[in-house]
Enquirer: 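The structure's right below; bear with me while I get my questions together.
Both counts, for ligands and for their atoms, begin at 1 and track the order of listing.
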Amino acid sequence: MSNLFGTHGELLDEAGREVFDSTKLSAYADCEYLGKLQYEEHLAPQEPAVALVFGSAFHKAVEVWTQQRIMQPPCIDTTAVANAEAAFVEIWEHELPLEVREMLEFSGDKRSVGNFKRLFAGYRKKFPLEMYEAVLACEQSFTLLLGTTPAGREVGWSGVIDRIVRWQDGIYYVDIKTSSYQLDDKFFDKFKLSGQMRGYTWAGQQLVGEEFAGALVQGVHVQAPLKTKTRAADELVQCESIPFVQSQLEEWRINTLHKIDSIHRAREIGYWERNYASRCSAFGGGCEMKRICWAPPEDQENRRQLHFKERVWNPLMKDAVVE
Ligand code: SF4
């Protein structure tokens with residue numbers, strides 16, 4: 001492993017600061033052992049998770065469509081849409097084996113190229129780019145100095161912001177969420193206390209240099225066409241705004257710095273607590289590391305070899321704003 005990594009395998013930036021993003025932080029917050037497996041040992045399941053591939057390919061399509069429409073001069077919409085759909089297919093074909101893709105397509109699965117095109121059309125109809133006063137950024141990656149923890153560690157805060165827009169006289173960070181669950185109050189409420197929403201709103205403010213009004217969550221309900229045939233595709237797409245004031249963002253920042261010290265305490269004593277509760281069996285298939293934890297300790301190394309591969313998390317490899 002290169003010198004970009006610390007003694008526990010943790011990713012460092014060029015200044016020697018450990019880098020965190022919202023998924024890394026939430027993994028450690030849910031279960032210290034999960035954080036260790038993913039971000040110190042860099043383990044990932046051998047088989048790709050179809051839901052994750054669908055979500056990231058959908059994001060890519062929205063990114064390509066948005067960037068081509070806001071270029072100077074902008075692409076015409078049909079060209080931008082065709083290029084966006086091609087970008088989805090490229091990821092889909094790269095990440096999933098042919099037999100899996102064919103099974104999904106022929107069975108009319110909710111995660112298929114055919115259903116993506118239907119939902120993407122609904123997304124564009126519901127959220128045309130003309131609804132914003134301006135799109136200030138699209139797929140903006142960043143690594144910023146979050147601050148210094150109480151124990152004196154400087155921390156880099158990293159991530160990718162789907163979009164930053166000026167809308168209804170405010171500036172918002174926009175996050176697109178694909179979900180197989182209903183887009184009801186329960187769905188949107190969970191983002192009100194999400195570290196990602198607060199952390200990306202905080203980061204967006206540093207990038208733009210202005211206060212934000214909050215975050216916009218744009219949800220896409222991923223359901224099979226047959227289950228939703230009475231609903232137009234744009235009815236499967238909903239948005240909720242989550243306002244934040246500066247004191248809430250500062251509360252999140254301070255809490256995050258404290259949390260990072262607690263991660264270091266686990267490393268210092270050499271014991272990473274297991275969740276053994278809701279994170280292990282979370283909706284959507286449960287923890288991705290459960291095959292290791294299901295086994296007796298003496299068999300866990302064997303499980304790692306059988307079902308997991310090394311995948312090094314490194315957001316610093318992307319084009320990024322780094323401070
Ligand atoms: S299965 Fe449970 S205990 Fe094991 S890593 Fe995942 S959350 Fe932690």
Enquirer: Regarding Glu18 and Lys24, does a basic nitrogen lie under 4.0 Å from an acidic carboxylate oxygen?
Expert: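 Lys24 and Glu18: salt-bridged.
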Enquirer: I'd like to know whether the aromatic ring centres of Tyr181 and Phe187 sit less than 6.0 Å apart in this structure.
Expert: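 Between Phe187 and Tyr181, which both carry aromatic rings, the centre distance is not below 6.0 Å.
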Enquirer: Quick one: look up the protein heavy atom nearest atom 6 (Fe) of ligand 1 and list residue, atom name and how far away it is.
Expert: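 Answer for atom 6 (Fe) of ligand 1: Cys287 SG, 2.4 Å.
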Enquirer: In the protein, what heavy atom is nearest to atom 2 (Fe) of ligand 1, and what distance, to one decimal place, separates them?
Expert: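 For this ligand atom, the closest protein heavy atom is Cys280 SG, 2.3 Å.
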Enquirer: Any N/O/S atom of Cys31 sitting less than 2.8 Å from atom 8 (Fe) of ligand 1, backbone or side chain?
Expert: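 Coordinating: yes.
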Enquirer: Give a yes or no on whether the ring-centroid distance for Phe5 and His42 is below 6.0 angstrom.
Expert: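 Yes, the ring of Phe5 comes within the 6.0 Å limit of the ring of His42, centre to centre.
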Enquirer: Which ligand 1 atoms, with their elements, are less than 4.0 angstrom from a heavy-atom of Lys290?
Expert: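 Result: 1 (S).
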Enquirer: Any carboxylate oxygen within less than 4.0 angstrom of a Lys/Arg side-chain nitrogen, looking at Arg267 and Glu40?
Expert: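 Yes, Arg267 and Glu40 are salt-bridged.
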Enquirer: Heavy-atom contacts with Leu34 under 4.0 Å: which atoms of ligand 1 show up? List them by number with element.
Expert: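 Ligand 1 atoms under the 4.0 Å threshold to Leu34: 5 (S).
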Enquirer: Would the distance check show the side chain of Glu105 and the main-chain N or O of Gly114 forming a donor-acceptor pair, the cut-off being under 3.5 Å?
Expert: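 A pair under 3.5 Å: yes.
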Enquirer: Output the list of atoms in ligand 1 that are nearer than 4.0 Å to some heavy atom of Arg279, sorted by atom number.
Expert: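 Once the distances to Arg279 are compared, the set is 7 (S).
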Enquirer: Are any N, O or S atoms from Cys293 nearer to atom 4 (Fe) of ligand 1 than 2.8 Å?
Expert: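 Yes, within the cut-off.
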Enquirer: Are Phe88 and Phe54, when compared by the centres of their aromatic rings, separated by less than 6.0 Å?
Expert: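 Yes, the ring of Phe88 comes within the 6.0 Å limit of the ring of Phe54, centre to centre.
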